[in-house]
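Counting from 1, the numbers follow the sequence of the chain as shown.
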Amino acid sequence: MLRTAICLMAFVIAQVLANDALPPGYTLSELTWSFNPFGNGTTVNLTGHVQKVLHELYTISPAFYNKIITTPVPPANNIDLLTGNYTCGPQPGIDGRVSKSAIEDGIYYLRQVPGRPWMRSGPRACAQVSCSWNSAIWWCNDNPHSISLIWFKSIADCAQVLCDNCVDNNWIWPSVIGQNFEKGNWTCFTREESC
């Protein structure tokens with residue numbers, strides 16, 4: 001498996017920040033991703049959403065970047081699997097339609113990134129995991145303790161439910177807006193963001 005073969009350690013550390021733009025009662029966390037791109041035990045920490053981190057990783061080690069994006073994530077029975085408990089449309093703090101194709105772009109990147117996402121204790125701790133074309137995917141922990149998922153594909157699958165069920169084709173281009181609540185008391189949502 002890629003993670004074992006290249007000794008990659010990709011996990012997420014959340015640092016608490018303030019943000020009035022999130023849904024009421026939610027707090028912003030920033031993701032820090034740790035990689036071993038040289039295979040020599042040297043850890044490189046990069047902060048931000050997946051597109052920003054992969055861009056920075058490419059400048060550090062194009063070969064390692066190419067291994068990540070060209071190695072397909074194998075299908076598996078995912079214990080983080082979805083409940084399908086989603087709400088479509090604007091909600092407090094979740095407003096603004098986003099491009100469905102931009103969210104699908106984020107889903108693609110999240111499916112490629114190895115490692116386990118980790119989120120600080122909540123409840124209502126959120127981090128932006130993807131952002132392109134002003135369309136963001138957010139991941140939140142609603143537990144009073146920290147959580148870790150099997151892989152980033154779990155967050156991609158969560159957002160895919162919104163792309164499959166919360167589409168508005170009556171806008172300039174197909175758009176999506178909604179929130180998906182998963183077993184394990186975590187959630188993802190899409191929203192308009194500047195990125």
K.L.:
Locate the shortest heavy-atom distance separating V98 from S135; write the atom from each residue and the value.
P.N.:
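In terms of heavy atoms, the two residues are closest at CB-OG, 3.4 Å.
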K.L.:
Is Q51 close to S130 at the side-chain level, that is, under 4.5 Å between some pair of heavy atoms?
P.N.:
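Yes, their side chains come closer than 4.5 Å.
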K.L.:
Could you name each residue pair satisfying disulfide (SG to SG under 2.5 Å) that touches residues 25-69, not counting sequence neighbours?
P.N.:
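Residue pairs with at least one partner in residues 25-69: there are none.
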K.L.:
Mind checking whether Y108 and V53 sit in one hydrophobic cluster, side chains of I, L, V, M, F, W, Y counted as touching below 4.5 Å?
P.N.:
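As far as the 4.5 Å side-chain criterion goes, V53 and Y108 are connected within one cluster.
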K.L.:
Below 4.5 Å, heavy atoms only, C-beta onward: do V44 and N36 meet side chain to side chain?
P.N.:
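They are not in side-chain contact.
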K.L.:
List in chain and number order the residues that pass disulfide bond (SG atoms under 2.5 Å apart) with C163, two or more places apart in sequence or in another chain; answer none if no residue qualifies.
P.N.:
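Expected list: none.
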K.L.:
Strictly distance-based, threshold 3.5 Å: is any side-chain N or O of S101 a donor or acceptor partner for the main-chain N or O of S99?
P.N.:
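No, S101 side chain to S99 backbone: no donor-acceptor pair under 3.5 Å.
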K.L.:
Kindly determine whether L57 and F64 satisfy side chain to side chain contact (heavy atoms under 4.5 Å, CB included), including the steps that lead there.
P.N.:
CA-CA 8 Å; L57 190 59; F64 184 77; 3.6 Å; yes
K.L.:
Answer yes when D168 and K100 have at least one side-chain N-carboxylate O distance shorter than 4.0 Å, and no when they do not.
P.N.:
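So D168 does not pair with K100 through a salt bridge.
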K.L.:
Test W138 against E193 for side chain to side chain contact (heavy atoms under 4.5 Å, CB included), laying out the working first.
P.N.:
CA-CA 10 Å; W138 287 79; E193 293 289 336; 3.5 Å; yes
K.L.:
Go through the structure and list residues passing side chain to side chain donor-acceptor pair (under 3.5 Å) with N40, not counting sequence neighbours.
P.N.:
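N40 satisfies side chain to side chain donor-acceptor pair (under 3.5 Å) with T42 once adjacent residues are dropped.
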K.L.:
Do any side-chain atoms of residues 140-147 form donor-acceptor pairs under 3.5 angstrom with protein atoms, and if so which ones, sequence neighbours left out?
P.N.:
from : atom 1 : to   : atom 2 : distance (Å)
N141 : OD1    : N143 : N      : 2.8
N141 : OD1    : N143 : ND2    : 2.9
N141 : ND2    : R120 : O      : 2.9
N141 : ND2    : H145 : O      : 2.8
D142 : OD1    : R124 : N      : 3.4
N143 : ND2    : G184 : O      : 2.8
N143 : ND2    : N185 : O      : 3.3

K.L.:
Is the OH atom of Y65 crowded by more than 12 outside heavy atoms at less than 6.0 Å?
P.N.:
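It does: Y65 OH has more than 12 such atoms within range.
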K.L.:
Side chains of T187 and Q179: donor-acceptor distance under 3.5 Å anywhere?
P.N.:
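Their side chains do contain a donor-acceptor pair, which is all the 3.5 Å distance test asks for.
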K.L.:
Flag the pair W151 / V113 as yes when at least one side-chain heavy-atom distance between them is below 4.5 Å, and no otherwise.
P.N.:
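No, their side chains stay 4.5 Å or more apart.
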K.L.:
Counting only N and O atoms by type, is there a donor-acceptor contact under 3.5 Å from the side chain of S175 to the main-chain atoms of R97?
P.N.:
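It does not hold such a pair.
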K.L.:
Quick one: CG on D164 to OH on Y86, what's the gap to the nearest 0.5 Å?
P.N.:
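Spacing of CG (D164) from OH (Y86) equals 9.0 Å.
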K.L.:
Within the 4.5 Å heavy-atom criterion, are L162 and C188 side-chain neighbours or not?
P.N.:
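A side-chain contact exists here, since the closest heavy-atom pair is under 4.5 Å.
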K.L.:
Between CD1 of I177 and OG1 of T87, what distance do you get to the nearest 0.5 Å?
P.N.:
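The distance works out to 11.5 Å.
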K.L.:
What salt bridge (Lys or Arg N to Asp or Glu O under 4.0 Å) pairs are there with at least one residue in residues 42-54, not counting sequence neighbours?
P.N.:
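Qualifying pairs: K52-E56.
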K.L.:
If hydrophobic clusters are built from ILVMFWY residues whose side chains come within less than 4.5 Å, do V167 and V161 share one?
P.N.:
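They do not share one cluster, since no chain of ILVMFWY contacts under 4.5 Å joins V167 to V161.
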K.L.:
Quick check: do L46 and I60 have side-chain heavy atoms less than 4.5 Å from each other?
P.N.:
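They are in contact (side-chain heavy atoms under 4.5 Å apart), so the answer is yes.
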K.L.:
Set out, in order, the CA-CA distance, both residues' side-chain angles and the distance that settles side chain to side chain contact (heavy atoms under 4.5 Å, CB included) for Q160 and R111, then state yes or no.
P.N.:
CA-CA 11 Å; Q160 186 67 56; R111 290 187 197 281; 3.5 Å; yes
K.L.:
Are any of the side-chain heavy atoms of C126 and F189 separated by less than 4.5 Å?
P.N.:
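Yes, close enough: below the 4.5 Å cut-off.
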K.L.:
Sort and list the pairs that fulfil salt bridge (Lys or Arg N to Asp or Glu O under 4.0 Å) and have at least one residue in residues 131-140, not counting sequence neighbours.
P.N.:
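Not a single pair qualifies under salt bridge (Lys or Arg N to Asp or Glu O under 4.0 Å).
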K.L.:
Restricting to non-hydrogen atoms, name the atom on A136 and the atom on Q128 that form the minimum distance, rounded to 0.1 Å.
P.N.:
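Nearest heavy atoms, A136 then Q128: CB-NE2, 3.7 Å.
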K.L.:
Would you say the side chain of W186 lies within less than 4.5 Å of the side chain of C158, judging by non-hydrogen atoms?
P.N.:
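They are in side-chain contact.
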K.L.:
Under the side chain to side chain contact (heavy atoms under 4.5 Å, CB included) criterion, do V129 and L110 qualify, and how do the steps go?
P.N.:
CA-CA 8 Å; V129 293; L110 290 170; 4.0 Å; yes
K.L.:
Please tell me if the side chains of L149 and I155 come closer than 4.5 Å, counting only heavy atoms from C-beta onward.
P.N.:
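They are in side-chain contact.
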